[in-house]
Each structure stands twice: as structure tokens, then as C-alpha cells.
Number of protein chains: 2
Amino acid sequence: MPRQKITTPEIIGIAINIFRNNGYHGTSMARLAKACGLMKGSFYNHFTSKEDILLVTIKSLNDYLNERIFKIAYDNELMPGERLQKMLDKLSHVLRSDQGGCLVGNMTLELYNSSNEFKACLEKYFQDWLNAFVHVFSEKYKSKKALKLAQLSIQEFEGAVMMGRIFKNDELIKDTIQNITARV
Amino acid sequence: MPRQKITTPEIIGIAINIFRNNGYHGTSMARLAKACGLMKGSFYNHFTSKEDILLVTIKSLNDYLNERIFKIAYDNELMPGERLQKMLDKLSHVLRSDQGGCLVGNMTLELYNSSNEFKACLEKYFQDWLNAFVHVFSEKYKSKKALKLAQLSIQEFEGAVMMGRIFKNDELIKDTIQNITARV
DNA sequence: GTCTATATCAAGATAGAC
DNA sequence: GTCTATCTTGATATAGAC
């Protein structure tokens, strides 16, 4: 057996960037493989299919955000406004427009109608995000209003990341974060 | 010659809906053809290629919005706030989330890095939108601030349309419109 | 202008050697 | 675990009859 060239987690990190910049159908197995220094046939030792790669990749990103960012929503040592600010700052680094923006947002528009497994995976990602924001807004608002503000904030943030590709203006994401944090 | 089954403008109307619901790569020529009651070979009498169909479709939507919606920005018989409100109401009907949202927003995420011709086409669409909104905000704000608010408003609106697919909540687009119109 | 082939090609996936 | 080679499919596009 030849030595292992790359680990599955390393592949996932590369796949995130290629998928979010080029879309699902715009990314071929050959292209993914080349970026990993492999031949496309070798990919099937790590994943069962192309669809599997994307699903694993999204779940991995989902886990990362839960552990590193959304957890902050429940940190009682910080004020609600500080939690929101900290989460949004971190999100703006992970979901940078000039790096292709939000993988899951992009995939939602491309694949939402394609399969129930994708749909469930995409919805879980946004549900976890929503839960975190609702928790923070709940400290100041009643549950119905908190839900509405959380949805509105995610909408605005995703819009900023998405349109950042067209309007090359770094200030806009900052303004969006400011508008959101001003609510709590 | 058999009689003409469908006109090119009719095809464009159908193509908009299929593309925005299923994405560019997720839409095959056969599927487009079937929806038009044609065989896929017949499509090449109307368009030179699949890429051509999308470009013509986007340009057609662009023209429609310019003539029917963005024109309102320059209607001196209405107050600036009324113009903004009227445009946003009309946009929310044309770009409904439950109909696949904004074709051009969706295509931006899928195809922005694929070809310069697409990129130019997508950018023109948003530029025309931006010009209209900047014009309205300019009645109350200085040019730099007007530009910023126009970009922010488009971001928020696109975000609302996009996330409307995930959060099935009709109130959110209304809240977004209210936030935008409150600025002028 | 539409149809029925068909050419062509790209891409996902598999088999078997090393 | 990776490679080369190959299978198979689905999709764009073309040719030519009606």
C-alpha cells in the first residue's frame, strides 16, 4: 500500500472552498481530486459519491459553526449584545464573500428542489443558526418577536454575504452587523 | 412547414421559472423543451445554445424590471417614499420565494465564476437596480450615503427572497420592505 | 418550425493492478 | 490508499426528413 497522501478532513476543507466558489454542478470530481493531489478514482476510498462529499462537507461545516460560533449564544459570561457581536464577527470571517461566501446559502439556491436529503441537511444548518440567534434575542424580547428578529438577522447577513460578490464593498457587511447588533 | 407551437417570448417566460427553481446546471434542454411542448432539437431554432437561453432570459427580465419597476424611481409625481414602496411591492411579486425567488440572484451564486459574459450580464442587472434605488435615496441623502443605503437595501431584499425558501414566513419580506422604506 | 435520429463529449462511478 | 483504464450515462448540440 502506498502512503496516504491526504486525510478525509483535509479533503473536506478543500472541498468547501471549491464547492462554494463554483457550485455543486460546476465542480467535477476531477477538479476536486486535482486540488487534493489525487486521481478522481481515489476519491471513492474517502466518499461513496459526489453527493456524499457535499453532504459530509455541509455537515462538517455545520458542526464547526455549532462548536466554534453558535455556542457563544449560550455563554452567560457575556452580555447578549456581546454574544451577537462576537458571533457575527466570526461568521463574517468564515463566510467571506471573496472566498465564495456561504457554502450552504449557495447550495440552497442550487439544490433545494433536487433531493430531500439535501433539503434536510440545508434546513438543519439554518435551524441551528436560528436557534442560537433566537436564544440571544429571547433575553430582550418575547419568543415571537425574538424568532422574527433572528430570522430577519440571518436574512440580512446572508444577503450581505451574497451581494458582497457583486458590490465589492467591505463596509456593507459591517453596516449589516451594526444594524443587527443594534437590536439587542 | 408545421405551424409554430410557441413563440420565443413565451419560451422565455417558461425558462425563467424553470431556471430559477432548478438552477442552470439542474435544468436540461430536454426539460425546458418538454415544458414548452417541444422536442429538445427544436430549441435550436429559437436559441443558439443553452448558455444563450439563459443570457437572453436574464436580459429579458432585466428589461422587464427596467420598464415596469425601476422606471418608478424617476416618477416625479410620487414622493420618494412612495416610489420606493411601490417598487418594493412590485419586486416582491415578481421575485416570490415560493416561485424560486430571484433568477439573477440564484444564477449569481451558481455561475459568477464561470464566464465573463455571465458575469457582465449579472452585474448589469444589479447595476440597473442599484441606479434606481440610488436615485431615490439621493433625494434625502448625499451621494455617498445614498449609494450605501441603496446597496444595503438590495442586499436585505435579496436576502429576504433567498431565505424565504427556508423560513416559510410571509411577514419577513414585509418587515424587510418596511425597514427599507423607513430610511427615506 | 418541428421532428427523429445521431454524433460527441464530459463526468460520475467501477475494476483490478500495485 | 492510489493508480490506470474502462464502463456507463446523461446532456449538449447537429443533420436531415417532413
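Throughout, protein chains are lettered first and strands after them, A, B, ... in sequence-line order, and every chain is numbered starting at 1.
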Could you list the donor-acceptor pairs under 3.5 angstrom formed by side chains in residues 26-38 of chain A, with sequence neighbours left out?
from: Thr27(A); atom 1: OG1; to: Gly23(A); atom 2: O; distance (Å): 2.7
from: Ser28(A); atom 1: OG; to: Arg31(A); atom 2: N; distance (Å): 3.1

Would you give me the side-chain donor-acceptor pairs under 3.5 Å for residues 105-112 of chain B, sequence neighbours excluded?
from: Asn106(B); atom 1: ND2; to: Arg20(B); atom 2: O; distance (Å): 2.9
from: Asn106(B); atom 1: ND2; to: Gly100(B); atom 2: O; distance (Å): 2.9
from: Thr108(B); atom 1: OG1; to: Val104(B); atom 2: O; distance (Å): 2.7
from: Glu110(B); atom 1: OE1; to: Tyr24(B); atom 2: N; distance (Å): 3.0
from: Glu110(B); atom 1: OE2; to: Tyr24(B); atom 2: N; distance (Å): 3.3
from: Glu110(B); atom 1: OE2; to: His25(B); atom 2: N; distance (Å): 3.0
from: Glu110(B); atom 1: OE2; to: His25(B); atom 2: ND1; distance (Å): 2.9
from: Tyr112(B); atom 1: OH; to: Arg165(A); atom 2: O; distance (Å): 3.4
from: Tyr112(B); atom 1: OH; to: Lys168(A); atom 2: NZ; distance (Å): 2.9
from: Tyr112(B); atom 1: OH; to: Glu123(B); atom 2: OE2; distance (Å): 2.6

* **Interface with DNA chain D, restricted to residues 12-33 of chain B and to heavy atoms under 4.0 Å** => Thr27(B), Ser28(B), Met29(B)
* Roughly how many Å is it from OH in Tyr44(A) to P in dA13(C), rounded to a whole number? -> 4 Å
* Structure fact -> The side chain to side chain donor-acceptor pair (under 3.5 Å) partners of Asn66(B) (sequence neighbours excluded) come to Asp128(B)
* To do: Could you list by number each residue of residues 47-56 of chain A showing a heavy-atom separation from DNA chain C of less than 4.0 Å, or answer none if no residue does?
  => Ser49(A), Lys50(A)
* **Residue among Val161(B), Ile180(B), Ile177(B) satisfying side-chain contact (heavy atoms from CB on, under 4.5 Å) with Glu156(B)** => Ile180(B)
* To do: Can you sort out the partners of Tyr74(A) under ring pair (Phe, Tyr, Trp, His ring centres under 6.0 Å), two or more places apart, ordered by chain and number?
  => His135(A)
* Asked: With sequence neighbours excluded, what pairs up with Glu51(A) under the salt bridge (charged side-chain N to carboxylate O under 4.0 Å, His left out) test?
  -> none
* Please give, in whole Å, the distance from dG1(C) P to Glu10(B) CD? -> 14 Å
* Atom CE of Met39(B) and atom P of dA13(D): how far apart are they, to the nearest Å? -> 18 Å
* Asked: Hey, does the side chain of Ser42(B) come within less than 4.0 Å of dG1(C)'s phosphate (OP1/OP2), counting only N and O?
  -> no
* Asked: With sequence neighbours left out, what residues match Thr57(A) under side chain to side chain donor-acceptor pair (under 3.5 Å)?
  -> none
* **Set of side chain to side chain donor-acceptor pair (under 3.5 Å) partners for Glu139(A), sequence neighbours left out** => Arg83(A)
* How long is the line joining CG of Leu38(B) and C1' of dG1(C), in whole Å? -> 9 Å
* Asked: So does Lys5(B) reach the base of dG1(C) with its side chain, donor to acceptor, closer than 3.5 Å?
  -> no
* Return the nearest nucleotide to the side chain of Lys40(A); candidates are dG12(C), dC3(C), dC3(D). => dG12(C)
